[in-house]
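The structure under discussion appears below in the form of structure tokens.
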Protein chains: 2
Amino acid sequence: MVDDWLSALESERASMGRASASEKVADALRTRIIEGDLRPRTRLSEERIGAALGVSRNTLREAFHLLGHERLVVREFNRGVFVRALDHDDVRDLYRFRRILEVSSIRQAAIDGSDLTRLHAAVDEGGAAAAVEDWRGLGSANMHFHEALAALAGSRRVDEAMRQVLAEMRLVFSTMSDPRTFHEPYLEGNRQLAALLAAGDHDEAERALLTYLDRAEAQLLAAMTT
Amino acid sequence: MVDDWLSALESERASMGRASASEKVADALRTRIIEGDLRPRTRLSEERIGAALGVSRNTLREAFHLLGHERLVVREFNRGVFVRALDHDDVRDLYRFRRILEVSSIRQAAIDGSDLTRLHAAVDEGGAAAAVEDWRGLGSANMHFHEALAALAGSRRVDEAMRQVLAEMRLVFSTMSDPRTFHEPYLEGNRQLAALLAAGDHDEAERALLTYLDRAEAQLLAAMTT
DNA sequence: AAACTAGCGATTGTTCAACAATCCCGCAAT
DNA sequence: ATTGCGGGATTGTTGAACAATCGCTAGTTT
């Protein structure tokens with residue numbers, strides 16, 4: 001095709017000038033939350049943050065709505081917005097939901113032959129990040145792996161549900177002191193899972209995924225102070 | 001317990017005065033959309049609706065955000081918000097998602113013994129509605145049935161995902177001319193499914209559910225003009 | 001006649017400032 | 001220890017203003 005670059009441009013449009021003011025503010029806050037600068041339970045004052053970012057309260061409000069939609073913050077009527085704090089029940093529920101989504105994705109992959117390129121790309125991304133000891137990058141690669149896994153279901157709604165879940169997972173990770181401990185062990189697990197899927201052994205892949213998730217959940221619950 | 005009524009009060013808190021203006025506006029619009037008064041593709045003019053409901057554009061905008069979050073409306077940049085119009089792909093994806101959620105709920109029910117009271121209540125509600133030929137009420141009862149079914153998973157996130165899906169389903173039903181055709185056949189299916197679950201025959205229940213959903217999807221797709 | 005372009009009106013996106021409503025905190029009173 | 005009551009601070013909501021963009025019409029060009 002002569003206009004191959006057209007689709008490439010199309011994909012970049014989201015990060016271009018199309019970002020409205022409220023979306024840019026939401027991006028900034030999202031980064032601060034994920035990076036752990038804004039700890040859970042922190043109240044986000046409209047006045048202070050609006051002044052800091054140089055936007056009006058109304059714009060800030062729309063940004064808060066976006067973040068609330070992603071469950072990164074919670075809005076309490078007449079009290080303000082707070083950085084979300086997840087408790088043990090939340091983590092348990094997140095993993096319950098992940099089991100449903102990811103297992104069904106693997107089963108769907110067993111039915112219709114699936115494209116595993118994204119999955120392998122995520123594995124490679126994680127390997128590269130671990131090689132240079134970029135543990136936060138490894139965490140992102142891990143997210144991409146599970147996003148690609150969920151994509152095997154071939155459903156837009158599953159994709160978005162998974163994105164939502166992973167955003168909340170970042171919220172948990174942000175409270176952890178040592179990212180290496182929580183991401184490095186799963187690099188090998190991802191590689192193994194991808195290999196099982198490539199080999200077509202979906203039953204074993206499902207078992208491996210479940211033990212994988214069980215272990216991750218237990219480790220996270222144990223590390224949570226609250 | 002002596003303070004049994006406390007939980008009853010707790011459940012009513014949501015419908016109290018705690019609703020903000022934007023939420024009340026969103027409620028009103030949601031009803032109009034679900035009832036079919038606002039047809040898909042209808043453009044929701046900020047000026048006109050704001051005047052009709054007596055709220056400012058800013059408040060209306062927040063309500064639009066809420067409805068957009070529920071996928072009942074879509075926002076097109078610089079063009080306005082429109083009542084969502086679902087196409088065949090949307091319906092297929094909705095049912096793919098429903099299969100994932102509802103099947104996993106049944107399997108979860110097979111593991112931990114589950115409380116089926118809500119399920120039976122929904123069946124009874126449907127029977128009562130059909131007895132007085134309240135087809136829209138039958139539709140609601142049907143929704144409640146599947147909501148109760150999803151609740152068997154015991155996951156807040158599954159509950160909300162299911163609520164979201166059912167809201168979108170209403171969007172499809174609202175375009176249908178004869179609600180009876182699309183709800184009455186499933187009254188018996190619901191009753192049967194509840195009986196199978198009560199009997200503990202989860203495998204058969206799963207099979208019944210899948211054929212149920214396949215049939216519903218096919219019927220809906222066939223009835224969609226667009 | 002058909003197609004293209006410039007301009008105009010209408011609508012949305014964004015910001016601002018002000019007022020009303022509500023909550024939080026400390027203090028007093030029972 | 002619990003209840004009732006301000007005062008101060010923060011959020012909820014409004015209305016207006018300006019900029020940016022879209023859809024349409026009219027006029028021009030080929």
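Throughout, protein chains are lettered first and strands after them, A, B, ... in sequence-line order, and every chain is numbered starting at 1.
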What is the distance, to the nearest angstrom, from the [atom1] atom on [X] to the [atom2] atom on [N]?
X	N	atom1	atom2	value
L53(A)	dT14(C)	CG	P	15 Å
K24(A)	dG13(C)	NZ	P	16 Å
E23(B)	dG12(D)	CD	C1'	12 Å
F77(B)	dG13(C)	CZ	P	7 Å
R75(A)	dT10(D)	CZ	P	17 Å

Counting only heavy atoms and a strict 4.0 angstrom limit, can you tell me which residues of residues 57-71 of chain B come near DNA chain C? R57(B), N58(B), R61(B)
For [Y], is there an ion pair with [X] - N to carboxylate O distance below 4.0 angstrom?
X	Y	value
R99(B)	E217(B)	yes
D89(B)	R96(B)	no
R61(B)	E46(B)	yes
D27(A)	K24(A)	no

Between H65(B) and R75(B), does any side-chain donor sit less than 3.5 Å from a side-chain acceptor? yes
For T117(B) and D115(B), test the side chains for any donor-to-acceptor distance below 3.5 angstrom and give the result as yes or no. yes
Sub-3.5 Å pairs of nitrogen or oxygen atoms, protein against nucleotides 7-11 of chain C:
from: dT11(C); atom 1: O3'; to: R43(B); atom 2: NH2; distance (Å): 2.7

Could you tell me whether H146(B) and Y186(B) have their ring centroids closer than 6.0 angstrom? no
For E47(B), look at atom CD and say whether over 12 heavy atoms of other residues, nucleotides or ligands are found less than 6.0 Å away. no
